[in-house]
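Down below is the structure, laid out as structure tokens.
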Amino acid sequence: PFAGKWQFYIIDPNEPEQIYGSGKFYVIKFNEVNLRTSLKSQRLEGKDPDPAVFGQIYNLQVSFNLPDSLFTQQVKHVEIVENRKIEYPIILEKTYDDPWRYYEIDGNKSLSFFAKDIQPGGEYRQVNLMDKTKYTPPKVYANFDGVDVSRKFKPSGNDLNGGSKLMNYKNEYAEYMDVEFRLRLPDNYYQNVFLVGAFNNWGIFPDYQMDEKNGIFSKTIELKRGVYDYQYVTADINDGYIENESWIELEGNDWGTKNEYLIFLYYDSPELGGYDKIVGFTKIRSGSK
């Protein structure tokens, strides 16, 4: 009965405390509020990013009129999820003091939320393990032709918008293998580099931090034969917490990148004891210059 954000767990029925996996999903009963969106390619105002390509941003506006059954003061926020990055949403609060993310109210029931700093990033990298002649267990390299390099100034090709495709489990070659990801960066590059992708739900985890040796960052993980989108992310580690993550430092930032944005409007509902309810939803895509 609750329209909102949920989490599920895969457990052992005989030992409920034994959790084998988890994930998140959204429930939308129906759109009580019609969301209108505008997405424009612009340069970032008020900052001088280096390199200049990092100043390419999207100016996103989300506007709506509340029906008589809903009240302005109970509107919570707008949440924007890029592709499958559920753990890293863009939250637009009801605030006026942020020049890049704020909201406006026109009259009593008409509201608009703005995000003027959304960086499009770069297309995802992709590892395709389907070819059983190129990729044979027990261990393979993710980049069959060599080593990955930084793509800060090199736009890439198409991807699965953060998704993956697995070989049918009935296929005799649908096995697991150790896949080593390798990334070559300039000498004396000291930032922490993390491997993220469809295989770890696009989370930045300490277990996926890459090790550096002689200018090559590497990480080996176990993957089932299939196709996976992935990226390299830089971040700081402070007392075990991930901070200051950058999705564009090694992957670039380009208006031509094709992304999908899921947009949710949350409302402080008194129903069923009270909870944050999704009352509006829409989906938009970017990537046409």
Side-chain angles (χ1 to χ4, degrees), residues 37-62 78-85 87-93 95-104 112-125 148-159 161-162 183-197 202-204 209-210 212 217 229-238 241-263 284-289:
T37 62
S38 170
L39 188 70
K40 299 178 181 179
S41 300
Q42 294 184 350
R43 302 293 305 185
L44 183 63
E45 300 177 0
K47 291 185 178 181
D48 187 19
D50 184 24
V53 68
F54 285 3
Q56 295 184 13
I57 58 96
Y58 289 132
N59 181 346
L60 173 62
Q61 177 179 342
V62 181
V78 169
E79 178 176 297
I80 305 165
V81 177
E82 178 189 289
N83 299 324
R84 289 166 168 80
K85 297 176 185 174
E87 299 294 341
Y88 303 92
I90 298 169
I91 304 296
L92 305 183
E93 303 282 0
T95 180
Y96 300 103
D97 56 5
D98 188 324
W100 294 287
R101 298 182 183 181
Y102 59 94
Y103 97 118
E104 294 178 350
S112 294
F113 286 77
F114 298 86
K116 295 184 175 182
D117 62 349
I118 299 179
Q119 293 170 308
E123 300 285 3
Y124 299 123
R125 301 174 193 254
D148 289 334
V149 296
S150 172
R151 302 186 309 173
K152 184 179 291 189
F153 304 107
K154 297 179 181 179
S156 57
N158 295 328
D159 57 26
N161 268 355
L183 174 67
R184 186 189 302 278
L185 294 176
D187 293 339
N188 302 319
Y189 191 90
Y190 295 116
Q191 287 190 265
N192 301 306
V193 180
F194 296 84
L195 175 65
V196 299
W202 296 98
I204 305 174
Q209 183 177 358
M210 304 185 74
E212 187 274 335
F217 289 75
D229 282 355
Y230 70 97
Q231 277 191 337
Y232 298 112
V233 176
T234 61
D236 297 327
I237 303 178
N238 187 6
Y241 292 95
I242 305 297
E243 299 178 344
N244 304 319
E245 61 271 8
S246 174
W247 298 82
I248 65 174
E249 172 67 24
L250 300 177
E251 303 297 356
N253 185 58
D254 182 71
W255 281 316
T257 300
K258 295 180 180 179
N259 291 322
E260 181 178 84
Y261 297 95
L262 308 180
I263 303 174
I284 61 174
R285 292 181 174 88
S286 69
S288 58
K289 291 186 176 181

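If you read the sequence from its start, that first residue is 1, and numbering goes on from there.
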Spacing of [atom1] belonging to [X] relative to [atom2] belonging to [Y], to within rounding of 0.5 Å:
X    : Y    : atom1 : atom2 : value
D254 : R151 : CG    : CZ    : 11.0 Å
E245 : Y88  : CD    : OH    : 6.0 Å
L250 : Y232 : CG    : OH    : 9.5 Å
I91  : F113 : CD1   : CZ    : 11.0 Å
T234 : E249 : OG1   : CD    : 5.0 Å

Open item on the list: Suppose we screen for side chain to side chain donor-acceptor pair (under 3.5 Å). Which residues come up paired with N158, at least two apart in sequence or across chains?
Closed with: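 Side chain to side chain donor-acceptor pair (under 3.5 Å) list for N158, sorted by chain: empty.
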Open item on the list: Taking side chain to side chain donor-acceptor pair (under 3.5 Å) as the definition, give me every residue that meets it alongside E123, ordered by chain and number, with sequence neighbours left out.
Closed with: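 Here no residue qualifies.
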- [ ] Anything under 30° is parallel, anything over 60° is perpendicular, the rest tilted; go ahead and classify Y189 against F217.
- [x]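 It falls in the perpendicular class, over 60°.
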- [ ] Specify whether W247 and W202 have parallel, tilted or perpendicular ring planes, treating 30° as the upper limit for parallel and 60° as the lower limit for perpendicular.
- [x] tilted
By salt bridge (Lys or Arg N to Asp or Glu O under 4.0 Å) - contacts of [X] (at least two apart):
X    : value
R285 : E260
K47  : none
E45  : none

Just by modelled atom types, is the [Y] backbone N or O under 3.5 Å from a matching donor or acceptor in the [X] side chain?
X    : Y    : result
D148 : L183 : no
N253 : Q56  : yes
R125 : E251 : no
Y58  : W255 : yes

Name every donor-acceptor pair, under 3.5 Å, that has one atom in a side chain of residues 114-121 and the other anywhere in the protein, sequence neighbours excluded.
unit_1 : atom_1 : unit_2 : atom_2 : d
K116   : NZ     : Y102   : OH     : 2.9
D117   : OD1    : R101   : NE     : 3.0
D117   : OD1    : R101   : NH2    : 3.4
D117   : OD2    : R101   : NE     : 3.3
Q119   : NE2    : F54    : O      : 3.1

- [ ] Would you mind reporting whether I57 and W100 have side-chain heavy atoms less than 4.5 Å apart?
- [x] no
